[in-house]
There are 2 protein chains.
Amino acid sequence: MQQQIIFSTDKPSIKVKSFSSIQNEIQSGNPIALSVDCVIFGFDENKLKVLLIRSDLKKYQDKWTLLGDLIAPNEDLDDAAYRILKQRTGLNNVYLEQVHTFGKVKRHPAGRVITVAYYSLINIKHHKLNILDNELHWHDIENISELAFDHQEIFNTCYERLQKRVQEHPLGFNLLPKKFSLRDLQNLYEAILGFKMDRRNFRKKFFSMDFLIDLDEIEQNVPHRPGKLYQFNYAKYEKKKKKWAGIDF
Amino acid sequence: MQQQIIFSTDKPSIKVKSFSSIQNEIQSGNPIALSVDCVIFGFDENKLKVLLIRSDLKKYQDKWTLLGDLIAPNEDLDDAAYRILKQRTGLNNVYLEQVHTFGKVKRHPAGRVITVAYYSLINIKHHKLNILDNELHWHDIENISELAFDHQEIFNTCYERLQKRVQEHPLGFNLLPKKFSLRDLQNLYEAILGFKMDRRNFRKKFFSMDFLIDLDEIEQNVPHRPGKLYQFNYAKYEKKKKKWAGIDF
DNA sequence: CCAAAAGTGTTTGCAGTACACCCATGT
DNA sequence: ACATGGGTGTACTGCAAACACTTTTGG
């Protein structure tokens with residue numbers, strides 16, 4: 001019944017546009033700019049951090065902003081994100097993931113700019129920042145405030161995404177040294193998720209997943225009984241991954 | 001140690017741009033256009049469907065495409081999505097959710113267009129299509145192929161998102177009549193997720209969630225024992241919702 | 001009475017959670 | 001010796017999964 005209406009046998013009209021009219025529309029009158037903003041998370045001293053810089057705009061110099069720039073006409077969107085990260089920080093070989101696109105008309109004071117947000121997680125000790133323009137540095141997650149424009153909203157969205165993703169994928173290991181203790185791992189999860197967990201259950205969970213390689217080494221220079229060190233077994237994970245729930249990969 | 005490098009006490013340089021230089025950059029030379037594409041899912045005859053039209057472009061008239069258009073300079077991104085859906089289909093009062101932004105340089109033959117994908121789920125019987133231009137109609141999910149441009153990839157991404165979201169949120173009830181049987185509900189989930197489930201466990205699951213209102217009515221005109229009819233209790237869900245895993249809201 | 005789908009319970013195993021004590025190391 | 005955190009096991013509970021028979025209706 002319903003289908004007959006939808007798949008009507010009457011010849012429906014087709015409105016077609018010529019190629020050039022579309023091209024005109026695209027090239028002529030569309031003063032919308034596109035940017036990428038990167039939310040780069042890091043981890044150090046048991047705290048989750050995020051990379052911020054001072055705003056490019058003189059008027060907003062006292063505000064912090066995410067790492068962003070306009071997209072070039074001839075680069076892929078994803079490439080733009082990597083370029084911008086590289087330009088702003090010197091960072092390379094970092095995995096970026098797209099999160100959301102923010103497009104309110106008045107979101108940016110300099111004009112109509114729609115921005116695509118990306119996030120990443122990096123190991124602060126492995127990735128030295130090569131560029132320190134605009135006071136680029138790591139801010140504790142807990143203390144960030146007074147971000148310019150809608151960057152607080154963008155940050156919040158990316159942080160929520162991170163919290164969800166880290167429970168479904170083994171992202172967190174990027175933030176740790178290659179050899180880490182279970183305490184390191186738990187501190188990381190607690191910092192990202194924002195709550196404490198039971199130590200025994202946490203260990204049981206990760207051991208039962210069976211993606212940790214026991215290195216038969218122990219921590220050095222700790223003022224207490226040293227813990228054993230582990231590596232994450234990416235190869236094994238890639239073979240086994242399926243569906244999960246909670247920390248369950 | 002690391003921190004000392006990052007938070008160097010040397011006065012770091014700040015590169016500032018004037019407001020007008022940014023405005024120039026935005027308005028002048030940026031021939032990137034922005035569009036929205038909508039993936040509208042519907043459900044009828046126990047099959048999941050998607051709305052497609054013939055391509056606007058003469059060259060691609062034999063290919064199906066998603067519902068899309070360029071964003072206007074003075075409208076919010078989300079508003080553009082609703083406008084486009086309304087223009088193409090006459091549909092109103094439909095919830096759209098942003099999924100992902102696609103921005104490869106050569107993704108569209110008419111020029112540099114970056115597109116933001118949205119999806120929705122609607123009840124085919126509740127929403128009559130008021131516009132049938134470009135052979136707009138519902139296609140079975142299983143049979144779609146030969147989509148124009150990168151629309152197959154966009155569709156796939158949205159479909160995966162749908163499958164994930166429907167397990168975490170009570171989206172599915174939008175696709176059903178106000179009064180539905182548990183068989184209807186199970187058919188819906190099986191159509192979306194693509195596999196069969198055990199009837200007893202399915203019922204147990206939904207009854208234990210306790211979000212179904214028993215209407216004390218039964219199906220009419222079925223050639224077998226009629227099932228009881230239910231409504232979804234949105235109010236109760238809104239109060240109780242927390243975190244879940246699998247179908248677990 | 002036949003076909004078709006509705007409706008219903010139990011068992012089993014696994015996973016999450018709560019919880020307390022001893023051990024190894026450095027100071 | 002003491003302080004600090006590492007390492008371990010058990011019992012309980014709730015959810016998921018597997019599984020078969022009886023009931024109700026229309027034809």
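Here is how names work: the chains are called A, B, and so on, in the same order as the sequence lines, proteins then strands, and each is numbered from 1. Just the heavy atoms: all of them, side chains too, but no hydrogens, waters or symmetry mates, feed the values below.
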(Q) How many whole angstroms separate atom CG of A/D210 from atom P of C/dA15? (A) 13 Å

Q: Answer yes when B/K236 and B/D210 have at least one side-chain N-carboxylate O distance shorter than 4.0 Å, and no when they do not.
A: yes

**Q.** base_contact_polar (D/dT23 base, B/R225 side chain, donor-acceptor, <3.5 Å)
**A.** yes

(Q) With a 4.0 Å cutoff (strictly under), does any side-chain N or O of A/K228 reach OP1 or OP2 of D/dG6? (A) no

Q: Let me know, please, whether A/H224 or A/R200 comes out on the 5' side of the other along DNA chain D by nearest nucleotide.
A: A/H224

**Q.** Atom-to-atom span, CG of A/D198 to P of D/dG9 - whole angstrom
**A.** 15 Å

Q) Closest nucleotide of DNA chain C for B/E219 versus for A/N221: which of these residues is on the 5' side? A) B/E219

Q) Just how far, in rounded Å, is C1' of D/dA18 from CE of B/M197? A) 16 Å

Q) On DNA chain D, nearest-nucleotide positions of A/P223 versus A/N201: which is more 5'? A) A/P223

(Q) Check whether B/H151 reaches the backbone of B/L66 with its side chain - one donor and one acceptor, N or O, closer than 3.5 Å. (A) yes

Q. Tell me: NZ of A/K196 to P of C/dT17, nearest whole Å?
A. 17 Å

Q. Under 4.0 Å: is that the gap between some side-chain N or O of A/R183 and OP1 or OP2 of D/dG6?
A. yes

Q: Take atom CZ of A/F202 and atom P of D/dT8, then tell me their distance rounded to the nearest Å.
A: 15 Å

Q) What nucleotide, of C/dA18, D/dA20, C/dG7, holds the atom closest to the side chain of A/K204? A) C/dA18

Q: Using atom CD1 of A/I218 as one end and atom P of C/dC23 as the other, report the distance to the nearest whole Å.
A: 18 Å

Q.
Could you tell me how far apart B/F207 (CZ) and C/dG9 (P) are, to the nearest whole angstrom?
A. 11 Å

Q.
Taking B/W64's backbone N and O only, do any of them form a donor-acceptor pair with B/E146's side chain (distance below 3.5 Å, no angle check)?
A. no

Q: For the pair A/D150 (side chain) and A/E153 (backbone), establish whether a donor and an acceptor sit closer than 3.5 Å, ignoring hydrogens and angles.
A: no

Q. Less than 3.5 Å between a donor and an acceptor, one on the side chain of A/R203 and one on the base of D/dG7, is that the case here?
A. no

Q. C/dA6, D/dT25, D/dG7: which one has an atom nearest the side-chain heavy atoms of A/R199?
A. D/dG7

Q) Using 4.0 Å as the upper bound for N to carboxylate O, is an ion pair formed by B/D214 and B/K228? A) yes

**Q.** Whole angstrom value for the distance that separates P of D/dG7 from CG of A/D216
**A.** 12 Å

